[in-house]
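One structure is given below, encoded as structure tokens.
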There are 2 protein chains.
Amino acid sequence: MLVLTGPGGQLVNLVLVTLDRPLRADAARNRRALLEAAAAEFAERGLDASVADIAHRAGIGKGTVFRHFPSKDDLIAAIVHDRVEGLAALAVSLLDADDPGLALLEFMDAAAGHQQQLDLSFLRDAAGVNERLDGARSELFTAIIALVDRAKAAGAVRQDVAGMDVILLMCAPNHVVSFVPDADPDLWRRYLGIIFDGLRPEGAHPLAHPSPAV
Amino acid sequence: MLVLTGPGGQLVNLVLVTLDRPLRADAARNRRALLEAAAAEFAERGLDASVADIAHRAGIGKGTVFRHFPSKDDLIAAIVHDRVEGLAALAVSLLDADDPGLALLEFMDAAAGHQQQLDLSFLRDAAGVNERLDGARSELFTAIIALVDRAKAAGAVRQDVAGMDVILLMCAPNHVVSFVPDADPDLWRRYLGIIFDGLRPEGAHPLAHPSPAV
DNA sequence: TTCCAAGCGGACCGTGCGGTCATGTTAGTG
DNA sequence: CACTAACATGACCGCACGGTCCGCTTGGAA
């Protein structure tokens, strides 16, 4: 980052956008190991896992972590970006499935499965910090909303449910399961089932509160 | 705490159980302010709120906090104990309501409302550390299980749901809502509605995974 | 009014964190 | 080879936290 003084005295930040020179072999290897270790560590101990532990797990020095990512938040954002992008691609691909209701269920299933490895709390914490992440996130959100709209049109989910509801509720199964120690790794499926049943039209009771805006 | 050396050389800890001498007037006042401030701070910033901030909010010194509670965990446990006890009393009182289904819904409503002010994550974190808390918690759990059993017997909730499911799911609405910034404080009611609909017998689909043990 | 145990408070300590930097190492080009 | 830019490293820094401690203040019984 180059910092200059512009006319009027205000600071001008010129961010040198990654002119993606290919990484040296060792650097690329370390970067892969780092991302993998960080994902594993975050999955096991949450976002509070220390950079030092991550570096150790990756078999590299702590300084190397900060060579690849300027801050811990950027490291988190990189991992999250990958997941969000993957989920968005899945959501889009499910948009032309035969059964819209099943497609939505399949998506929520995959989303919960991914979250098992990384809590989605970044959606709250890492919003606004990283431009690329924000883009991927809104791409994911619009795909989910389309998925929900199709399911509603097909009568597979209740009419008073909105895309945002699914976005929020897909975080619930794993969170709920995190309370039970030594839980079966598939336990979240039970609660996804219950929650999805709550989204179905049969036996739906009027909701007391409107859905929040995206 | 008195630490002695017993026969064989091992340490013997004699915990002087609170021989509840009445607190001096100022101490009682400070203790009330402390508990109130801690509850508010934890509600706003989570369990990571610092002891120093809590003390400042209560208008007392940091040392005073540790005079009343030997550690931060004990402070948390005290607050949690109160809430758990309150919820348990409510659950028990709802056990002889006319409509078992409505009683369960009412309980979950109250539970979610309380959690709005204090995440229930203590159930995971503070287990095993505090004996009194463990007692209150198991009291709460058995009351909830009874509540669910009554609702099942009345046909108000699906047969394949267990008490533990409700215990876990009652944590979900507030967690889900925590992702939306500046959310309406009543938004959790929407998701409680959806989740409770998922517990109803109408439109229930078989669940893939059995309920965890208590 | 006296007196002291109970209570108070904030300077202080050890620890672990995210992040930096000067120095040493290595991949890859010629 | 040799040579350099890219890269790796871990000691180090500043900070904020939970928790301690000791000198001071005060409630309340006599």
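Residue numbers start from 1 in every chain, and the chains themselves are labelled A, B, ... in the order their sequence lines are given, proteins ahead of strands.
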request  = Kindly write out the residues that satisfy side chain to side chain donor-acceptor pair (under 3.5 Å) with B/S93, not counting sequence neighbours, or none if the list is empty.
outcome  = none
ask   = Pick the nucleotide of DNA chain D nearest each of B/D53 and B/R29; which residue has the one closer to the 5' end?
value = B/D53
request  = Please report how far the helix from C/dT1-D/dA30 to C/dG30-D/dC1 bends, comparing the axis fitted to its first five pairs with the axis fitted to its last five, to the nearest 10 degrees.
outcome  = 0°
remark   = Separation of C/dG9 atom P from B/I54 atom CD1, nearest Å, is 16 Å
request  = For a side-chain contact (heavy atoms from CB on, under 4.5 Å) with A/L187, tell me which candidate from A/L192, A/V176, A/V180 qualifies.
outcome  = A/V180
request  = Apply side chain to side chain donor-acceptor pair (under 3.5 Å) to B/S211 and list each qualifying residue two or more places apart in sequence or on a separate chain.
outcome  = B/D165
message = Rounding to an integer number of Å, can you tell me how far A/R32 CZ sits from D/dC7 C1'?
response = 15 Å
ask   = With sequence neighbours left out, what residues match B/E139 under side chain to side chain donor-acceptor pair (under 3.5 Å)?
value = none
task = Under the side chain to side chain contact (heavy atoms under 4.5 Å, CB included) rule, collect the residues that match up with A/A110, sequence neighbours excluded.
result = A/L90
query = Between C/dG18 atom P and A/K72 atom NZ, what is the distance in whole Å?
reply = 4 Å
ask   = Does the side chain of A/H68 get closer than 4.0 angstrom to OP1 or OP2 of D/dC7 through an N or O atom?
value = no
Rounded distance [0.5 Å steps], CG in B/L104 versus CD1 in B/I144 = 9.0 Å
request  = Please identify each residue that fulfils side chain to side chain contact (heavy atoms under 4.5 Å, CB included) with B/S71, with sequence neighbours left out.
outcome  = B/D73, B/D74
query = In whole Å, what is the span from the CZ atom of B/F66 to the C1' atom of D/dC21?
reply = 13 Å
inquiry  = Less than 4.0 angstrom between a side-chain N/O of A/N30 and OP1 or OP2 of D/dA8, yes or no?
reply    = yes
inquiry  = Between C1' on D/dG19 and CG on B/D74, what's the gap in Å once rounded to a whole number?
reply    = 12 Å
task = Report the distance from atom NE2 of B/H56 to atom C1' of C/dC8, rounded to the nearest whole Å.
result = 17 Å
task = To the nearest Å, give me how far apart CG (A/L34) and P (D/dC7) are.
result = 14 Å
Just the atom pairs and distances: protein N or O near nucleotides 11-16 of chain D's N or O, under 3.5 Å.
none

Tabulate atom names and distances for all N/O pairs under 3.5 angstrom spanning the protein and nucleotides 4-6 of chain D.
{"unit_1": "D/dA6", "atom_1": "N3", "unit_2": "A/R24", "atom_2": "NH1", "d": "2.7"}

query = What residues, two or more places apart in sequence or in another chain, satisfy side chain to side chain contact (heavy atoms under 4.5 Å, CB included) together with A/D197?
reply = A/R200, B/R158, B/A204, B/H205
message = Per the salt bridge (Lys or Arg N to Asp or Glu O under 4.0 Å) rule, what does the pair list look like for residues 25-40 of chain A, sequence neighbours excluded?
response = A/R24-A/D26
request  = Report the residues that fulfil side chain to side chain donor-acceptor pair (under 3.5 Å) with B/H209, sequence neighbours left out, ordered by chain and then residue number.
outcome  = A/D184
key: Rounded distance in Å - CZ (B/R31) to C1' (C/dA6)   = 15 Å
task = Can you sort out the partners of A/A91 under side chain to side chain contact (heavy atoms under 4.5 Å, CB included), two or more places apart, ordered by chain and number?
result = A/F107, A/A143, A/L147
